[in-house]
There are 2 protein chains.
Amino acid sequence: MPTPARKAPVIADVARVAGVSVPTVSRVLTGSVPVSPERRERVLAAIRELGFRPNGAARALVRGQQSMVAVLTSNTTRYGYGMTLQGIEEAARQSGYLVVISVVETPDRATVAAAVDSMLGQPMAGAVVLEYDQAGVAALAAMPPWLPVVAAAPMPDGGGTPAVPHAYMDDHAAAAQATRYLLDLGHRTVHHVGIPSTGGPSARTLGWREALDAAGAPVPAVVAADWAPTSGYDAGLALAEEPDVTAVLCGNDEIAMGVMKALADRGRRVPDDVSVIGFDDHPLAQLWSPSLTTVRQDFAALGRQAFALLTASMQDGPPPRSITSRPELVLRGTSGPPPR
Amino acid sequence: MPTPARKAPVIADVARVAGVSVPTVSRVLTGSVPVSPERRERVLAAIRELGFRPNGAARALVRGQQSMVAVLTSNTTRYGYGMTLQGIEEAARQSGYLVVISVVETPDRATVAAAVDSMLGQPMAGAVVLEYDQAGVAALAAMPPWLPVVAAAPMPDGGGTPAVPHAYMDDHAAAAQATRYLLDLGHRTVHHVGIPSTGGPSARTLGWREALDAAGAPVPAVVAADWAPTSGYDAGLALAEEPDVTAVLCGNDEIAMGVMKALADRGRRVPDDVSVIGFDDHPLAQLWSPSLTTVRQDFAALGRQAFALLTASMQDGPPPRSITSRPELVLRGTSGPPPR
DNA sequence: CTGAAAGCGCTTACAG
DNA sequence: CTGAAAGCGCTTACAG
């Protein structure tokens, strides 16, 4: 078993072995200036022989040009978060950037500061923050003014221009649309299981309420859930107690699955007794029985858009304008008219 | 809207504003040497005023000590991959390392080289490669000898000492155990839906076959699936055609859900007509109806172990020894005795 | 405690 | 085409 060399070879080692000067090695490395074929060959051979790789820190330092972008997020594995991250990574890779993930687990001061500092301890060209929850909001607020920053976020409530460009997902409108759809089917009202958000009620909750108000339908109390699918189960148990529940809009698909499981365990059939609509279009949504009606959100596209906004921010010129994506209601097997 | 400053302040700017020398600023930054309280205050004030953050590239260069580790993987969102990544990130963060994700989409030469080069273009302390598929194998082979590297992988088939330390998941043994369990329940044999692997049959497939052989049970042809849950559905459709299928071991939980959906669509009841066992213990496995019997694999722990191996590799001294985790069979509602 | 000097590994003008 | 020189932003001995 070869013990890894404790010290990586540097450009001077290559120059010595190849019998040329250091700048010449640099020239064959960067290809910026022509080098005579024979020297070029000698340098290449030396590079191969030593297994030389240019030191990224030195390169970044002298070029003053960074090739890493950071993604600040409270989580990497939840569906929407993970897909956004994937979208950012894809776009970044295509543009020659490496992505650093900086997890900000909670919104508390110390955690946020630690994450931001450690990220800034490396040469970053910019950052995208996933402003999906309170930790994201806190991270965004802690970013230094000189770093190009953009955010991916759900649709904001009020107006006002944000300080940095945003890629928005208009789940507010989508929630309203889904609610309206249920109401049009004849449901007297629509119940709602909410998920954690950036502080107050989520955009999804707001959209739901707005549609109810517009239709003059009663507004039931929101049932709160967290990210665990089992909390959806608990919410479903609570909802199953109330006989007048005939339609439920859930904060995401996993919650919807938990709700349906609880409903089934309590003998309420979906969609015959209760209609259920989720959010996201999780890969398993269509495999569920019955297949889940949901609001499809293309988080990978959102991530790509956020990265595009970031590259634009890194350019000179006016900051790019925020953009917003529109989710799409996907009708499947868990929604229908109310019983009777 | 504040236009981001195009140039970040440097330590010399701080020194000028604070009226001290550059090394003094550096000293308050690193805390390595005491600085008089008044100067210290002036420096801190200047840092705040300018929004100064030390340049990571310069720091990394002079310290010669890197604080980033790379994770090379073909994917970031699939369950096992994402959870391993999360485990690595957690452990890295606790040790003060930042993680860079380098996605190697395919095993082809150019893709692998591009990913490895771009990663090495930055100052990396080491790398962990997710050797879960062919792209992972190719990435591992392409790592330079001077970089500390470890791998996370399923249990290898043959013996032989690997070139780098590995954190293994012994899904081979777990697959054999699950198969044996089904056989002991009275099933004549167990069918199997396989997922993509590092080249030949996966460790899970090998374990399944081994248990069948040991019990003298017939070995049915493996039904191949890819990562898409819908490919599990297709596999289930094929299996539903054969009336003698009473037990199926699936390559992962999502495939199992697809299989069950197809079985249900064809009128075969689970577990009354057919028992199904998955792999992973996906968060939704217990929410499925009936809840899914599966092999729980703690990928986050595997990731943490891989990172521990990496820090050990970065130390002087002999390379650490590989370690292996044992998955656990979780009995739930989709497995039972054969019909009749 | 503090400043002047050297140096980390590389690239980019500057002169041939 | 090629080498000697300077410099990126920081930290670490070296002398006070």
Side-chain angles (χ1 to χ4, degrees), chain A residues 5-44 46-47 50-67 117 120-125 144 146-147, chain B residues 5-44 46-47 50-67 117 120-125 144 146-147:
Chain A
R6 251 65 207 86
K7 177 115 172 62
V10 299
I11 203 172
D13 298 319
V14 176
R16 188 166 23 70
V17 170
V20 300
S21 72
V22 164
T24 294
V25 176
S26 176
R27 284 173 195 123
V28 350
L29 249 24
T30 62
S32 57
V33 177
V35 172
S36 73
E38 47 158 351
R39 289 181 172 250
R40 195 181 145 64
E41 254 328 308
R42 293 217 309 270
V43 169
L44 256 16
I47 287 174
L50 299 172
F52 167 81
R53 300 284 186 160
N55 177 308
R59 252 183 167 166
L61 177 58
V62 64
R63 291 198 178 150
Q65 180 238 112
Q66 334 288 188
S67 55
D117 283 351
L120 292 170
Q122 299 298 141
M124 292 297 150
W146 50 263
L147 188 74
Chain B
R6 251 65 206 82
K7 176 114 173 65
V10 300
I11 202 173
D13 298 319
V14 175
R16 189 166 22 71
V17 170
V20 300
S21 72
V22 163
T24 294
V25 176
S26 176
R27 283 172 195 124
V28 351
L29 248 25
T30 62
S32 57
V33 177
V35 172
S36 73
E38 47 158 351
R39 287 176 174 254
R40 195 183 146 65
E41 255 327 308
R42 293 216 308 271
V43 169
L44 257 17
I47 287 174
L50 299 172
F52 167 81
R53 300 281 187 162
N55 176 307
R59 251 183 167 168
L61 177 59
V62 64
R63 291 201 175 147
Q65 179 242 113
Q66 335 288 186
S67 53
D117 283 351
L120 292 169
Q122 299 299 142
M124 293 297 149
W146 49 263
L147 187 74

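What you see is a predicted model, and the numbers here were worked out from it, not measured in a lab. Atom set for the values below is all heavy atoms of this structure, side chains included, hydrogens, waters and symmetry mates excluded. To find a chain, count down the sequence lines: A is the first, B the second, and so on, and within it residues start at 1.
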Counting primed atoms, P, OP1 and OP2 as sugar-phosphate and everything else as base, the B/S/- map of nucleotides 10-16 of chain D against protein heavy atoms under 4.0 Å is BBBB---
Answer whether the closest heavy-atom distance between the side chains of A/Val43 and A/Arg40 falls below 4.5 Å. no
Grab the two heavy atoms, one from A/Leu147 and one from A/Met124, that are nearest each other, plus how far apart they are. CD1-O, 3.7 Å
Which is it for A/Val17 and A/Leu50 under the side-chain contact (heavy atoms from CB on, under 4.5 Å) test, yes or no, and what are the steps along the way? CA-CA 9 Å; A/Val17 170; A/Leu50 299 172; 4.0 Å; yes
B/Val10 side chain near B/Asn55 side chain, heavy-atom distance below 4.5 Å: no
Would one find a side-chain N or O of A/Ser21 under 4.0 angstrom from OP1 or OP2 of D/dA4? no
Run the numbers on A/Leu44 and A/Glu41 for side-chain contact (heavy atoms from CB on, under 4.5 Å), then give the verdict. CA-CA 5 Å; A/Leu44 256 16; A/Glu41 254 328 308; 4.0 Å; yes
Determine the minimum heavy-atom distance between A/Pro123 and B/Ala57, stating which atoms define it. CD-N, 3.6 Å
Flag the pair A/Leu29 / A/Arg59 as yes when at least one side-chain heavy-atom distance between them is below 4.5 Å, and no otherwise. yes
Residue pair A/Thr24, A/Arg42: steps toward the side-chain contact (heavy atoms from CB on, under 4.5 Å) verdict: CA-CA 11 Å; A/Thr24 294; A/Arg42 293 217 309 270; over 6 Å; no
Dot-bracket assigned to DNA chain D with the 3.5 Å Watson-Crick/G-U criterion, [ ] for crossing and | for other-strand pairs, is |||.||||||||.|||
Which ones in residues 33-42 of chain A lie close to DNA chain D, meaning a heavy atom under 4.0 Å from one of its atoms? A/Val33, A/Pro34, A/Val35, A/Ser36, A/Arg39
Specify the separation, in whole Å, of atom CZ of A/Arg16 and atom P of C/dG9. 12 Å
Trace of the side-chain contact (heavy atoms from CB on, under 4.5 Å) decision for A/Arg27 with A/Val20: CA-CA 11 Å; A/Arg27 284 173 195 123; A/Val20 300; over 6 Å; no
